[in-house]
Amino acid sequence: MKHFKTIKLTIICLGFLSLLYGLAHMDQPHRKTNNETTAMAENEPTKTVEMAEQKIMYLTFNDGPSENTQGILDILDHYHIKATFFVTGSNPEYFDLLKIIHERGHVLALHTYSHDYETIYADANAYFQDLTKLENLLNDQVGIQTNILRFPEGSANIVANQYHEGIMSELVKDTEQLDYVYYDWNGENGDHDPKLSPTTLYQNALASVEGKDTVMMLMHDGSENANTLQALDQTLQEFQRQGWEFRVIEESHMPVFHQLEDNSAD
């Protein structure tokens, strides 16, 4: 009888120890063997994280509005792209397009009223008189004011020296003191030469952005720029395929685009 009680006590103790062991291990995760871990690593797909480069383009048009502007606006609408138009007063019959440009969400900026080099580059006073005339035009036609401008031929051009030696250095200084903000460019399609074919303009535009991640793109919508209109659809389609994000010029928080050497495209 005593022997039987000893066996019973031993069984109870073993059962109690087994229960304690089970409780101690029930919350621990299953530990994989080296073989299990290797097999899972081999079957798990490789995850690759690619950081997409942000490519920013400021698409700009000089010299309009003209008979080519409406077509350019329609193409921009098709691609949902906003642009900046550096306008002039050279074509009064198209002044109604100034309001349309603004209403479609594009930016209007200053490119002088007359766009006549002999007039605007005669001296600083002549330049600002002409610029004020354009500012008044935008205020009358659209009801806006802007301090964004682009010099015909760019801020570092040497063409202006034909009319007044050193005029560009003087104008750059004066415009900055008067709180204007001027923009040159670092990409272009070459349409300052209206004889270039649409195919050449397309090729020039693509070549000018290679290796860049921020571009101020110069194009024209003047009266002589019908080929720009012809090349624009294909050009914008390719730019979007390359992943360019389009932005308009704003009065603040903008990168600087100033010429470091002569650029002959106006």
Side-chain angles (χ1 to χ4, degrees), residues 48-87 94 97-109 111 146 148 150 154 181 183-259 263 265-266:
T48 303
V49 179
E50 295 182 358
M51 299 298 291
E53 288 187 18
Q54 189 176 30
K55 300 165 67 174
I56 305 300
M57 180 178 294
Y58 300 88
L59 181 61
T60 68
F61 294 90
N62 287 7
D63 297 358
S66 76
E67 60 269 32
N68 295 308
T69 303
Q70 183 63 63
I72 287 174
L73 289 173
D74 292 341
I75 293 174
L76 292 174
D77 280 353
H78 176 75
Y79 288 99
H80 306 290
I81 292 172
K82 303 304 179 185
T84 303
F85 288 80
F86 289 92
V87 298
Y94 296 104
L97 288 174
L98 294 172
K99 190 172 184 178
I100 294 175
I101 291 170
H102 178 69
E103 289 176 343
R104 293 196 183 186
H106 306 288
V107 170
L108 289 165
H111 196 48
T146 179
I148 300 170
R150 175 172 285 160
V181 184
Y183 291 95
D184 295 314
W185 55 91
N186 66 341
E188 60 179 310
N189 65 353
D191 63 355
H192 57 281
D193 181 355
K195 296 179 182 179
L196 295 182
S197 69
T199 299
T200 300
L201 297 179
Y202 168 76
Q203 294 171 342
N204 287 347
L206 298 189
S208 74
V209 304
E210 288 183 2
K212 300 173 184 175
D213 55 18
T214 306
V215 170
M216 181 72 71
M217 173 59 64
L218 171 65
M219 295 186 185
H220 294 75
D221 64 323
S223 297
E224 297 182 340
N225 298 116
N227 285 347
T228 299
L229 175 58
Q230 296 300 316
L232 188 61
D233 185 275
Q234 183 183 15
T235 303
L236 295 183
Q237 183 177 3
E238 177 59 20
F239 280 157
Q240 285 195 331
R241 189 196 68 79
Q242 292 181 2
W244 289 96
E245 175 187 333
F246 292 89
R247 298 181 183 177
V248 295
I249 297 176
E250 300 172 318
E251 295 183 8
S252 60
H253 308 296
M254 279 287 302
V256 175
F257 293 88
H258 291 170
Q259 294 174 341
N263 191 324
D266 76 343

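Because only heavy atoms are used, hydrogens play no part in the values below, and waters and symmetry mates are left out as well, while side chains stay in.
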(message) Could you tell me if the side chain of Phe239 sits less than 4.5 Å from the side chain of Val209, heavy atoms only?
(response) yes
(message) If we count only N and O atoms by modelled type, under 3.5 Å, do the side chains of Gln242 and Glu238 hold a donor and an acceptor together?
(response) yes
(request) Could you check Asp221, Thr235, Leu201 and say which one makes a side chain to side chain contact (heavy atoms under 4.5 Å, CB included) with Thr228? (result) Leu201
(message) Would the distance check show the side chain of Asp184 and the main-chain N or O of Gln259 forming a donor-acceptor pair, the cut-off being under 3.5 Å?
(response) yes
(request) Kindly compute the distance separating CZ (Phe61) from CE (Met217), expressed to the nearest 0.5 Å. (result) 10.0 Å
(request) For the residue pair Pro65 and Val87, establish whether any side-chain heavy-atom pair is separated by less than 4.5 Å. (result) yes
(request) Measure the shortest side-chain to side-chain distance between Arg150 and Trp185 over non-hydrogen atoms and say whether it is less than 4.5 angstrom. (result) yes
(request) Find the distance between CD (Gln70) and CD1 (Ile101) and round it off to the nearest 0.5 Å. (result) 9.0 Å
(request) Using a 4.5 Å cut-off on heavy atoms from C-beta on, say whether the side chain of Met219 contacts that of Thr60. (result) no
(request) Of all the heavy-atom pairs spanning Pro198 and Ala231, show the shortest one and how long it is. (result) O-CB, 3.4 Å
(message) Would you compute the distance between atom OG of Ser197 and atom CD of Gln230 and round it to the nearest 0.5 angstrom?
(response) 11.5 Å
(request) Using a cut-off of 6.0 Å, state whether more than 12 heavy atoms not belonging to Glu67 lie near its atom CD. (result) yes
(request) Kindly state whether the ring of Tyr183 and the ring of Phe257 have centres lying under 6.0 angstrom apart. (result) no
(message) Pairing donors with acceptors under 3.5 angstrom, does anything connect the side chains of His220 and Asp191?
(response) yes
(message) I'd like to check Thr84 versus Leu59 (side-chain heavy atoms, cut-off strictly below 4.5 Å). Are they in contact?
(response) no
(request) Could you check Asp213 against Gln54 for side-chain contact (heavy atoms from CB on, under 4.5 Å), going step by step and ending with a plain yes or no? (result) CA-CA 7 Å; Asp213 55 18; Gln54 189 176 30; over 6 Å; no
(request) Output, in order, the C-alpha distance, side-chain angles, deciding distance and verdict of side-chain contact (heavy atoms from CB on, under 4.5 Å) for Asn227 and Leu196. (result) CA-CA 7 Å; Asn227 285 347; Leu196 295 182; 5.9 Å; no
(message) Nearest 0.5 angstrom please: Thr146 OG1 to Phe86 CZ, how far?
(response) 8.5 Å
(request) Assess whether atom NZ of Lys99 is packed by more than 12 heavy atoms of other residues, nucleotides or ligands within 6.0 Å. (result) no
(message) For a quick test of reading the model, state the closest non-hydrogen atom pair linking Tyr79 to Gln240 and the distance between them.
(response) O-NE2, 3.0 Å
(request) Taking the side chain as every heavy atom from C-beta outward, state whether Val248 and His106 have any atom pair closer than 4.5 Å. (result) no
(message) How long is the straight-line distance from CD1 of Ile56 back to NZ of Lys212, given to the nearest 0.5 Å?
(response) 15.0 Å
(request) Taking the side chain as every heavy atom from C-beta outward, state whether Tyr58 and Leu218 have any atom pair closer than 4.5 Å. (result) no
(request) Please answer whether the main-chain N or O of Gly187 pairs with a side-chain N or O of Ser208 as donor and acceptor at a distance below 3.5 Å. (result) no
(message) Would the distance check show the side chain of Asn189 and the main-chain N or O of Ala205 forming a donor-acceptor pair, the cut-off being under 3.5 Å?
(response) no
(message) If I take atom CZ from residue Arg247 and atom OG1 from residue Thr214, how far apart are they, to the nearest 0.5 angstrom?
(response) 8.5 Å
(request) Report yes if the side chains of Met254 and Met216 come closer than 4.5 Å at any heavy-atom pair, otherwise no. (result) yes
(request) Could you check Asp74, Ile75, Thr69, Leu76 and say which one makes a side chain to side chain contact (heavy atoms under 4.5 Å, CB included) with Ile72? (result) Leu76
